[in-house]
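In what follows, a structure is listed as structure tokens, so that the remarks can point back to it.
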Amino acid sequence: KVLPQPSNDPLANAIRFLDTTSPGEFASVTLSYDWLRYGNWESTIGYQFFQTYVNNFHDFDVQDQVGTLGATYRGAIESGVLAGTRFLVGGQYVFDNQWLGGEQFLRRNTGTLFSTLQWNSAGDSFWRPTHVTTPILRFQGKDFNNFTSIPLPPSDNRDANNFMLGLSHTFYWSGDRHWFRVGYQWDTDVAQGRNWDYRANRVLAGLQYTLPWWQTRTSYSLDVHFVNYLHANTLFPIINPGGVQRADIEQIHVFAVEQPLPFLLRREGGRIRAPLTLRAEYQVGVTSSDLAIYKYNRNVVSISISYQY
């Protein structure tokens, strides 16, 4: 093999020669129930099961079970400069338990506060979209389980508390048939091990266009995470540990096409809804890093059918 971007880390170079391609399958089920609807208040409880099966590398099979509880309040501003603005404020608690290769790997407790402001009701022309702004504040506690027989150095303990603050703005046309979104998030991990302390900036963008035929939806989303670790890594590179302060750029590009299927149609509020949707997705992940061991590219093609009851 020819290495177009060789590194000085022999461990990273050796890993590059391993087989990295595998077909696989995944399944996901999401259940939610609006147990409270009282005036402008609403509360929802939910559960999600997600499983991937990597045919050639079962150590990378992932199972995730997620429980959620959230509440929201809807209202409108009736006077003043912001008269006519509709808003939603809410909070959500999430607990998820993740297995990797059949071993318990990660437990997370997440609390989120958010709001949504719809500034106007338009979208009837390109120059008059509906404007929606969403601020978000999140706290997350992460508890990793070292299920290997290799002792974990204290400096590499990934248990952490994460704090995130973000803002996004979406432009809608023709209801929600077409939209464009931009966003920014700042977050930090306060970890038990110094190798995982970081501060980061995230840039988000996405768009959807619904074709005039068959209600076909095309979309693209971009997620770029600029992560700056606060201390020199004590383990890598193996030929000079403690000499490099890690910085990563994590990019995720998702291209998708969704097609509502003309089966099991349901009538709701005088409209016909197609609960079955066929989705084709191509995901490109590119992570660059000052430490070669953390550099990788990932390409995932998936086709799925979902049913929304």
Side-chain angles (χ1 to χ4, degrees), residues 48 50 62 64 66 68 70 88-96 98 105-117 129 131-144 158-172 176 179-208 219-233 244-256 281-300 302:
Q48 181 183 52
F50 178 82
V62 173
D64 201 10
V66 182
T68 64
L88 178 148
V89 294
Q92 186 183 58
Y93 168 73
V94 177
F95 173 76
D96 67 303
Q98 188 175 110
F105 175 62
L106 171 64
R107 289 186 295 269
R108 288 182 291 199
N109 292 274
T110 305
T112 304
L113 297 175
F114 59 87
S115 66
T116 298
L117 297 173
H131 292 270
V132 177
T133 301
T134 303
I136 184 172
L137 176 66
R138 186 192 71 196
F139 168 79
Q140 184 178 84
K142 299 184 284 189
D143 181 16
F144 288 85
R158 297 181 64 179
D159 294 350
N161 292 325
N162 179 271
F163 304 87
M164 186 271 283
L165 177 66
L167 183 70
S168 66
H169 188 83
T170 307
F171 306 84
Y172 288 96
D176 60 356
W179 52 259
F180 172 68
R181 178 177 297 128
V182 291
Y184 169 78
Q185 294 175 356
W186 177 89
D187 77 291
T188 182
D189 250 17
V190 181
Q192 295 293 317
R194 56 181 283 123
N195 288 345
W196 296 97
D197 283 335
Y198 75 73
R199 291 175 185 160
N201 299 276
R202 186 187 301 271
V203 176
L204 304 168
L207 57 89
Q208 175 182 285
S219 64
Y220 166 74
S221 66
L222 168 69
D223 181 332
V224 184
H225 200 201
F226 301 89
V227 186
N228 295 299
Y229 290 84
L230 304 184
H231 311 287
N233 194 284
V244 177
Q245 188 167 330
R246 179 182 169 191
D248 294 359
I249 300 177
E250 305 165 350
Q251 302 180 54
I252 299 177
H253 307 263
V254 179
F255 304 84
E281 179 180 296
Y282 175 47
Q283 182 181 125
V284 181
V286 180
T287 297
S288 59
S289 176
D290 290 345
L291 291 176
I293 192 69
Y294 294 109
K295 288 183 181 180
Y296 69 92
N297 297 339
R298 180 174 61 182
N299 295 272
V300 180
S302 63

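Quick note: residue numbers are just sequence positions, from 1. FYI, side chains are in, hydrogens and waters are out, and symmetry mates aren't considered; it's all heavy atoms of this structure.
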Next item on the list: Could you list the residues that satisfy salt bridge (Lys or Arg N to Asp or Glu O under 4.0 Å) with Asp143, not counting sequence neighbours?
Entry: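 Listed in chain order: Arg107.
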
Notebook entry, point to check: Under the salt bridge (Lys or Arg N to Asp or Glu O under 4.0 Å) test, which residues partner Asp96, sequence neighbours left out?
Noted result: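 Asp96 satisfies salt bridge (Lys or Arg N to Asp or Glu O under 4.0 Å) with Arg108 once adjacent residues are dropped.
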
Please examine the side chains of [Y] and [X], heavy atoms only from C-beta on, and report whether any two atoms are closer than 4.5 Å.
{"X": "Val286", "Y": "Tyr296", "result": "no"}
{"X": "Asn228", "Y": "Leu230", "result": "no"}
{"X": "Val94", "Y": "Thr112", "result": "no"}
{"X": "Phe163", "Y": "Val190", "result": "yes"}
{"X": "Thr116", "Y": "Thr133", "result": "no"}
{"X": "Phe139", "Y": "Leu113", "result": "no"}
{"X": "Asp197", "Y": "His231", "result": "yes"}

Working to the nearest 0.5 angstrom, can you tell me the gap between [X] [atom1] and [Y] [atom2]?
{"X": "Gln192", "Y": "Arg158", "atom1": "CD", "atom2": "CZ", "answer": "13.5 Å"}
{"X": "Ser219", "Y": "Arg181", "atom1": "OG", "atom2": "CZ", "answer": "10.5 Å"}
{"X": "Leu165", "Y": "Thr188", "atom1": "CG", "atom2": "OG1", "answer": "12.5 Å"}
{"X": "Ser288", "Y": "Glu250", "atom1": "OG", "atom2": "CD", "answer": "9.0 Å"}
{"X": "Glu281", "Y": "Ser221", "atom1": "CD", "atom2": "OG", "answer": "7.5 Å"}
{"X": "Thr134", "Y": "Leu167", "atom1": "OG1", "atom2": "CG", "answer": "8.0 Å"}

Item checked: Main-chain N/O of Phe50 paired with Asp64 side-chain donor or acceptor, under 3.5 Å ->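 Here the side-chain-to-backbone pair does not exist.
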
Next item on the list: Decide whether a cation-pi geometry holds between Arg194 and Trp196; the criteria are a distance under 6.0 Å from NZ or CZ to the six-membered ring centre and an angle within 45° of the ring axis.
Entry: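 Judged by the rule, Arg194 and Trp196 form no cation-pi pair.
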
Closest non-hydrogen atom pair, [X] against [Y]:
{"X": "Ala160", "Y": "Ala191", "answer": "CB-CA, 3.6 Å"}
{"X": "Ser289", "Y": "Lys295", "answer": "O-CE, 2.9 Å"}
{"X": "Tyr294", "Y": "Thr287", "answer": "O-CG2, 3.6 Å"}
{"X": "Gly141", "Y": "Asn161", "answer": "CA-OD1, 3.7 Å"}

Note to self: Under the criterion side chain to side chain contact (heavy atoms under 4.5 Å, CB included), I'd like the reasoning laid out for Phe114 against Leu137: C-alpha separation, chi angles, the key distance, then a yes or no.
What the structure shows: CA-CA 6 Å; Phe114 59 87; Leu137 176 66; over 6 Å; no

Checklist line | Partners passing side chain to side chain donor-acceptor pair (under 3.5 Å) against Asn297 (at least two apart in sequence or in another chain) | finding: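 Applying side chain to side chain donor-acceptor pair (under 3.5 Å) to Asn297 gives none.
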
Margin query: Any salt bridge linking Lys142 with Asp189? Criterion: basic side-chain nitrogen under 4.0 Å from a carboxylate oxygen.
Written below: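 Asp189 and Lys142: salt-bridged.
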
Note to self: One pair to check against side chain to side chain donor-acceptor pair (under 3.5 Å): Thr110 and Gln140. What are the steps and the verdict?
What the structure shows: CA-CA 4 Å; Thr110 305; Gln140 184 178 84; 3.0 Å; yes

Note to self: Under the criterion side chain to side chain donor-acceptor pair (under 3.5 Å), I'd like the reasoning laid out for Tyr229 against Asp290: C-alpha separation, chi angles, the key distance, then a yes or no.
What the structure shows: CA-CA 10 Å; Tyr229 290 84; Asp290 290 345; over 6 Å; no

Could you give the side-chain donor-acceptor pairs of residues 198-206 under 3.5 Å, partners two or more places apart or in another chain?
| unit_1 | atom_1 | unit_2 | atom_2 | d |
| --- | --- | --- | --- | --- |
| Tyr198 | OH | Asn162 | ND2 | 3.4 |
| Tyr198 | OH | Asp187 | OD2 | 2.7 |
| Asn201 | OD1 | Tyr184 | OH | 2.4 |
| Arg202 | NE | Gln185 | OE1 | 3.4 |
| Arg202 | NH1 | Asp223 | OD1 | 2.8 |
| Arg202 | NH1 | Asp223 | OD2 | 3.0 |
| Arg202 | NH2 | His225 | ND1 | 3.4 |

Next item on the list: Walk me through it: do Leu291 and Asn233 pass the test side chain to side chain contact (heavy atoms under 4.5 Å, CB included)?
Entry: CA-CA 9 Å; Leu291 291 176; Asn233 194 284; 3.7 Å; yes

Item checked: Sequence-distant partners of His169, ring pair (Phe, Tyr, Trp, His ring centres under 6.0 Å), two or more places apart ->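 His131, Phe171.
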
Check: In chain order, what residues pass the ring pair (Phe, Tyr, Trp, His ring centres under 6.0 Å) check against Tyr220, with sequence neighbours excluded?
Finding: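 Listed in chain order: Phe255.
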
